[in-house]
Undergrad: 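Let me give you the structure first, and then I'll get to my questions.
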Amino acid sequence: MSFLSSKIISSVRLLFLSALCGSRLVAAEYYVATDGNDTNSGTLASPFASIQRAQKEVTAGDTVYVRGGTYKMSEAMIAQKKGIWADVTLLNKSGSSGQRIKYWAYRNEKPIFDFTEIKPANQRVTAFLITGSWLHLKGLEVIGVQVTILTHTQSICFENQGSNNLYEQLSMHDGQAIGFWLGKGSNNLILNCDSYRNYDYTSEDHKGGNVDGFGFHPPKGSNNNVFRGCRAWFNSDDGFDFISAGSSVTVENCWAFYNGYSPKFESLGDGNGFKAGGYGSTPADRLPNPIPRHVIRGCVAARNKASGFYANHHLGGNDWFNNTAYRNSTNFKMLCRSADNATELPGYGHKMKNNLGYKGRREVTNLNESASDVTGNYFNLPVTITDKDFLGLNDADLMLPRQANGDLPLIAFLHLKPDSDLINKGMDVGLPFSGTAPDLGAFEHAVK
Ligand code: CA
Ligand code: CA
């Protein structure tokens, strides 16, 4: 057989195979722009006006590029109204394994979705509801999401109900809604997202007691979800809240600060940095079995109104590794409860390693050390902690702009000086470290 004929045969075979699979060989690209129109063809030169319209065209592997500028969202754009919910943009189409559908900010442009004008009476607004799976959202910004209901309620910027989704460099701010809410689904990664200055001043007592930066509240079976490199500040309730979660979550290298306060430091809602667990007054027969065990590691909680790291009446413990708490009312509050909800109990079953706290009004409370594994932390190691241990103590550093790739900013705040006695005082918990052992706290001192 000649080279040419073998080449023809393989081309024919390839065509046959691709026809068989019904898939295209080249992923398509679509564009959305503020001066676009949903009757356009969706090319760069003739963009759509909405992500909702672009979704109609996409299949697995395709990309929707969203151009920069402010998108004024209107009530006519609400994709579905279901009961008390008004879901404005509904992403209900799925990609497939290895072929995510991508909704990305175009190059370095900044698309901002402004929901200020969407005020459906007696409805909760969900700015983006994601029920699809294998999606990747990147670089989208949501502002001004409203609350119209005067009794107990909540609106949400991004709500995930799918699996295998990646949320990257999203920014949710200056609205009345919760930033990101994981309602259900597995294998989702929330990476390098920011949620800040969100405050519901409309409902209930106008204290914003339901508006967290990030919420994790799925039923049982929602596994392998991770929050990484996310920040939450000046949210009226908590930074990160996992109350009523039926599954466990990992939160790593995240920062929560100034929560429970307005930007003028007026007192608002609960104000915990990381509220890791709890079920309120749920009776024993309705608790998840097993009770999930959350992992909180490499995180920073600073100047939150209430606790930096809080077990919130959880039943059983969490894994708390290499976290740093600074100037919270209580830096580490490990409170648990009994299964029958009859009594509060000092925290049991916790595993705490290599944690560091400084200048809390209270440091570690509600912890049953003999019923937990808590050797190797600042509160029980022979270390002394003073200002001289740190390269910087300016907590405003936490708000600095991210690095170009979306990673957290490089700051001096709470990083250890080379001669700090907190260096190499920890134990190996499976996280990377330099020198002879892990350091205490969230920032490992790099040994050159
Ligand atoms: Ca909360
Ligand atoms: Ca070290």
Side-chain angles (χ1 to χ4, degrees), residues 147 152-157 159 172 176-183 195-196 198-200 203-205 207-217 227 232-245 249 251 256 258-261 267-281 294 297-298 301 304-314 321-322 324 328 333 335 353-356 376-378 381 383 389 391 414-448:
V147 165
H152 184 76
T153 189
Q154 64 192 34
S155 289
I156 299 174
C157 296
E159 174 170 354
M172 301 75 72
Q176 298 196 62
I178 294 162
F180 185 97
W181 174 280
L182 200 149
S195 190
Y196 57 99
N198 296 298
Y199 165 29
D200 165 9
S203 75
E204 295 190 282
D205 58 4
K207 291 284 189 185
N210 220 10
V211 177
D212 304 315
F214 298 87
F216 179 79
H217 315 282
F227 292 82
W233 70 96
F234 285 131
N235 295 292
S236 56
D237 207 45
D238 305 303
F240 293 75
D241 190 337
F242 322 148
I243 193 171
S244 301
V249 66
V251 181
Y258 309 153
N259 293 293
Y261 291 120
S267 176
L268 297 174
D270 285 355
N272 298 288
F274 298 85
K275 184 187 272 184
Y279 300 92
S281 53
H294 305 299
R297 59 191 185 200
N304 295 287
K305 191 180 91 175
S307 300
F309 296 92
Y310 182 33
N312 192 32
H313 304 84
H314 204 51
F321 301 152
N322 281 95
T324 301
N328 302 283
K333 185 173 181 178
L335 182 66
K353 300 291 168 187
N354 309 340
N355 295 292
L356 174 58
N377 298 280
Y378 77 111
L381 283 169
V383 292
D389 283 295
L391 287 171
L414 295 178
H415 283 63
L416 302 176
K417 279 187 180 163
D419 61 352
S420 167
D421 67 331
L422 308 174
I423 289 175
N424 297 339
K425 285 289 164 33
M427 61 182 74
D428 188 353
V429 291
L431 300 174
F433 62 87
S434 64
T436 56
D439 307 343
L440 300 189
F443 300 115
E444 182 76 12
H445 176 74
V447 177
K448 307 237 165 32

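Atoms within each ligand, like the ligands themselves, are counted from 1 in listed order. For this chain, numbers begin at 1 and follow the sequence in order.
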Undergrad: Quick one: report the N, O or S atom of Glu444 that is nearest to the Ca ion (ligand 2).
TA: OE2
Undergrad: Between Asn210, Val211, Asp200, which is the residue that forms a side chain to side chain contact (heavy atoms under 4.5 Å, CB included) with Val147?
TA: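 Single pass found, and it is Asp200.
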Undergrad: Nearest to the Ca ion (ligand 2), which N, O or S atom of Asp439 do we find?
TA: OD1
Undergrad: Establish, yes or no, whether a centroid distance under 6.0 Å links the rings of Tyr196 and Trp233.
TA: yes
Undergrad: Of all the N, O or S atoms in Asp212, which one sits nearest to the Ca ion (ligand 1)?
TA: OD1
Undergrad: Just wondering, is there an N, O or S atom on Ala437 that's nearer than 3.0 Å to the Ca ion (ligand 2)?
TA: yes
Undergrad: Below 30° counts as parallel, above 60° as perpendicular, anything between as tilted: where do the rings of Phe227 and Phe240 land?
TA: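 Perpendicular, since the angle between the ring planes exceeds 60°.
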Undergrad: With a cut-off of 3.0 Å, does Asn424 place any N/O/S atom under that distance from the Ca ion (ligand 2)?
TA: yes
Undergrad: Please test Asp212 against Asn235 for side chain to side chain donor-acceptor pair (under 3.5 Å), starting from the C-alpha separation and ending with a verdict.
TA: CA-CA 6 Å; Asp212 304 315; Asn235 295 292; over 6 Å; no
Undergrad: Is it true that some N/O/S atom of Asp238, main chain or side chain, lies under 3.0 Å from the Ca ion (ligand 1)?
TA: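 Under 3.0 Å: Asp238 contacts the Ca ion (ligand 1) through an N, O or S atom.
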Undergrad: Please lay out, stage by stage, how Asp238 and Asn259 fare under the test side chain to side chain donor-acceptor pair (under 3.5 Å).
TA: CA-CA 6 Å; Asp238 305 303; Asn259 293 293; over 6 Å; no
Undergrad: Applying the side chain to side chain contact (heavy atoms under 4.5 Å, CB included) criterion to Tyr310, which one of Asn272, Asn328, Asp241 satisfies it?
TA: Asn272
Undergrad: To 10°, measure the OD2(Asp241)-the Ca ion (ligand 1)-OD2(Asp237) angle for me.
TA: 160°
